[in-house]
Amino acid sequence: ALERTLSIIKPDATRRNLTGKINAKFEDAGLRIIAQKRIHLSPAQAGKFYEVHKDRPFYGELVEFMASEPVVVQVLEGENAIQKNRDVMGATNPANADAGTIRKDFALSVGENSVHGSDAPETAAEEIAFFFSGLELVG
Ligand code: CMP
């Protein structure tokens, strides 16, 4: 099915000027970038976005990192976009990521892992609505 998913290019990647190289991997995989903006999250905004992880031991570190420098938030559209994006990203921990994936090529650690992607249709819809209005999605 034609799907949309929320992607975030994280601070470790924007800092190292990797936005274009990461976008090339999405586009080469057939994902279309139908919305995109560069923002600097406040700690409160980052905390709300990752609220589902609030009881995890890494939550504080995750929120601090995501608010540390700008991120690029984007909506990717394509056939099976949610799983396709997860395949292009590779495993959460770059040590376990397959060759050619974004995290294998660019991530620094499990925390500084260069990209976020929605994990299911329901979370994709929620995460897209967290950052974008309908008018900003230009498919
Ligand atoms: P993401 O897909 O953005 O969703 C939650 C994030 O938590 C995950 O990517 C990782 O970057 C981060 N994370 C997961 N496990 C750890 C960990 N052990 N230490 C630090 N961050 C983690």
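The residues of the chain are indexed from 1 along the displayed sequence. Order of appearance sets the numbers: ligands from 1, and atoms from 1 within every ligand.
- Contacts between M66 and ligand 1 below 4.0 angstrom, taking non-hydrogen atoms only, are absent altogether.
- Within 6.0 Å of the CD atom in E64, the count of heavy atoms belonging to other residues, nucleotides or ligands does not exceed 12.
- Under a 4.0 Å heavy-atom criterion, F65 is not in contact with ligand 1.
- Ring pair F49/F131 is tilted by interplanar angle, where 30° to 60° counts as tilted.
- Taking the six-membered ring wherever Trp is involved, the centroid distance between the rings of Y59 and Y50 does not fall below 6.0 Å.
- The pair K37-E136 meets the salt-bridge criterion, since a charged nitrogen lies less than 4.0 angstrom from a carboxylate oxygen.
- Polar contact check, T92 against ligand 1: no nitrogen or oxygen pair lies under 3.5 Å apart.
- Residue contacts with ligand 1 for V110 involve both N, CA, C or O and side-chain atoms from C-beta outward (heavy atoms, distance under 4.0 Å).
- Under the 4.5 Å side-chain criterion, counting only non-hydrogen atoms from C-beta, K104 is not in contact with P94.
- Scanning the protein heavy atoms around atom 1 (P) of ligand 1, the nearest turns out to be H116 ND1, 3.4 Å.
- Residue contact check: N113 has heavy atoms under 4.0 Å from atoms 9 (O), 10 (C), 11 (O) of ligand 1.
- Here the CZ-CG distance, from F65 to D12, works out to 4.0 Å after rounding to the nearest 0.5 Å.
- In this structure, atom 19 (N) of ligand 1 lies nearest to the protein heavy atom F58 CB, 3.5 Å.
- In H53, the part holding a heavy atom less than 4.0 Å from any atom of ligand 1 is the side chain.
- With respect to atom 4 (O) of ligand 1, the closest heavy atom belonging to the protein is Y50 CE2, 3.6 Å.
- Under 4.0 Å from ligand 1, the heavy atoms of E61 that appear belong solely to its side chain.
- Residue contact check for ligand 1: R86 places no non-hydrogen atom closer than 4.0 Å to it.
- Residue contact annotation: M89 has no non-hydrogen atom under 4.0 Å from ligand 1.
- Using a 4.5 Å heavy-atom cutoff, the side chains of L76 and R4 are not in contact.
- Contact annotation: the side chain of L2 approaches that of E77 to within less than 4.5 Å [non-hydrogen atoms, C-beta and beyond].
- A salt bridge does not link E112 with R103: every distance from a Lys NZ or Arg NE/NH1/NH2 to an Asp or Glu carboxylate oxygen is 4.0 Å or more.
- Counted by atom type alone, N23 and E27 present zero donor-acceptor pairs between their side chains at under 3.5 Å.
- G111 CA, 3.5 Å is the protein heavy atom nearest to atom 21 (N) of ligand 1.
- For ligand 1, the atoms sitting less than 4.0 Å from at least one non-hydrogen atom of R103 are 2 (O), numbered in the order shown with element in parentheses.
- Protein heavy atom closest to atom 9 (O) of ligand 1, with residue, atom name and distance, is K10 NZ, 3.2 Å.
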